[in-house]
Amino acid sequence: MNKDRKLIIAGNWKMNKTVAEALDLVHGLKRELASVKEVDVVVCPPFTALSEVSRAILDSNIRLGAQNMSEHSGGAYTGEIAAVMLKEFSVRYVVLGHSERRQYQKESNALIAAKAAAALTAALKPIICIGETLQEREAGATEKVLEGQLRGSLASLNKDQMEEAILAYEPVWAIGTGKNATADQAQAAHAFIRRTLAGMFDEPTARRARIQYGGSVKPANARELMRQPDVDGALVGGASLELRSFSDIVKNSI
Ligand code: PGA
């Protein structure tokens, strides 16, 4: 591979997996991916499984991510989880602003920017999600939407912090629908994102930025998507819930 940016393949398990099911899956992944060094593999279980999964992957090359966190460092925020609590389980990554949270929890770009700042302060790598809806794409508004999300969700980040952050381009119409963006569509969006980052930060920062693709990534389309020059990894939902498909996605991406 001639990309200097190492691929990150992350599994977003969403609201799935009891502790027993989560352990079953990571034990299998440890076996299957023991020799994989070329990509960073991250699993993002629900909060309730972080402790056990963290212990289970200690002696492996699999890393741990969370699916969300609070923008606050602690206090009277019932039901919320602070960065410092994630750190207790050696969590290194945190997904922020997933389209499901933007839609169901009404998360705004400003909130996501505050969460990203809190994550970076705690030395967690935020995986910040952006992406247009089908309606927006059909209206020809994809770039405008992506630029607005980038400027809003990254508003709190300086250049050094951007080096630690990861972006995930997840077209909403491709999430959980089985209908992935084509390699050309993904590459065009990623190239646009990188150009926008160059304007917001600078060329070298944009060149080094990691931009994952998410939305119906499967073993059959991973190779083609990951081969695109501006695609630096994947955020996998449904297909990360099952040992065979997630490990095949990782292997096919190398
Ligand atoms: P999907 O989900 O792979 O099931 O489409 C991707 C995501 O929501 O991160």
Side-chain angles (χ1 to χ4, degrees), residues 7-17 21-22 25 29 39-47 49-50 53 62-69 91-107 112 115-116 119 124-134 136-137 142 145-146 149-150 153 165-183 185-186 189-190 193 210-226 228 231-253:
L7 290 180
I8 302 174
I9 311 288
N12 172 12
W13 297 357
K14 309 191 181 184
M15 198 170 73
N16 295 291
K17 305 284 180 199
E21 290 165 347
L25 179 52
L29 288 172
V39 301
D40 287 333
V41 179
V42 182
V43 292
C44 306
F47 291 126
L50 286 176
V53 169
I62 299 169
R63 303 281 173 250
L64 195 58
Q67 298 175 21
N68 176 38
M69 59 168 261
V91 169
R92 297 194 189 186
Y93 298 83
V94 59
V95 178
L96 296 179
H98 189 280
S99 75
E100 287 149 18
R101 296 200 62 85
R102 288 180 186 262
Q103 183 183 354
Y104 304 134
Q105 274 77 35
K106 308 280 175 265
E107 291 199 357
I112 295 157
K115 290 185 179 199
L124 287 170
K125 289 181 185 298
I127 301 176
I128 300 163
C129 303
I130 59 172
E132 81 288 359
T133 63
L134 184 60
E136 289 163 341
R137 176 164 280 263
T142 298
V145 169
L146 295 180
Q149 290 174 333
L150 284 170
S153 308
I166 296 155
L167 283 165
Y169 168 61
E170 299 206 304
V172 179
W173 48 271
I175 296 177
T177 58
K179 188 173 179 285
N180 61 284
T182 64
Q185 285 172 323
H190 283 227
I193 291 167
R210 292 214 178 80
I211 311 172
Q212 298 174 310
Y213 168 79
S216 298
V217 176
K218 300 178 276 279
N221 61 25
R223 195 184 306 273
E224 185 62 13
L225 285 162
M226 295 308 117
Q228 302 311 308
V231 176
D232 305 316
L235 183 55
V236 187
S240 74
L241 296 173
E242 203 257 321
L243 174 61
R244 187 78 275 137
S245 54
F246 191 52
S247 49
D248 282 351
I249 287 171
V250 173
K251 289 174 187 169
N252 290 355
S253 300

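Whatever order the structure lists ligands and atoms in, that order sets their numbers, starting from 1. Residue numbers run from 1 in the order of the sequence given. What you see below is based on every heavy atom in this structure, not just the backbone, and it leaves out hydrogens, waters and symmetry mates.
- For Gly214, the closest heavy-atom approach to ligand 1 does not fall below 4.0 Å.
- Under a 4.0 Å criterion applied to the non-hydrogen atoms of Ile175, ligand 1 contributes the atoms 2 (O), 5 (O), 8 (O).
- Listed for the Gln67 side chain is a donor-acceptor partner under 3.5 Å among the backbone atoms of Cys44.
- Listed for the Asn12 side chain is no donor-acceptor partner under 3.5 Å among the backbone atoms of Leu235.
- Within the listing of ligand 1, atoms 7 (C), 8 (O), 9 (O) sit less than 4.0 angstrom from a heavy atom of His98.
- Remark: ligand 1 atoms within the under-4.0 Å shell around heavy atoms of Gly238 are 1 (P), 3 (O), 4 (O).
- The contact set between ligand 1 and Asn12, taken as ligand atoms under 4.0 Å from a residue heavy atom, comprises 9 (O).
- Results of the side chain to side chain contact (heavy atoms under 4.5 Å, CB included) test with Ile8 over Asp232, Ile166, Val39, Ile127 single out Ile166 as the only residue that passes.
- Within the 3.5 Å criterion, the main-chain N or O of Val231 finds no donor-acceptor partner in the side chain of Gln228.
- Counting heavy atoms closer than 4.0 Å to ligand 1, residue Ser240 contributes nothing at all.
- Near Ala174, with a cut-off below 4.0 Å to any heavy atom, the atoms of ligand 1 are 5 (O).
- One option in Gly176, Gly178, Ala234 has a heavy atom closer to atom 5 (O) of ligand 1 than any other, and that option is Gly176.
- Less than 4.0 angstrom separates some heavy atom of Lys14 from each of these atoms of ligand 1: 2 (O), 7 (C), 8 (O).
- Remark: Gln149 CD to Leu146 CG distance equals 6.0 Å, nearest 0.5 Å.
- Of the possible polar contacts, none joining the Ser153 side chain to the Leu150 backbone as a donor-acceptor pair under 3.5 Å is found.
- Side chain of Tyr213 to backbone of Gly215: a donor-acceptor contact under 3.5 angstrom is found.
- For Gly215, the heavy-atom gap to ligand 1 drops under 4.0 angstrom.
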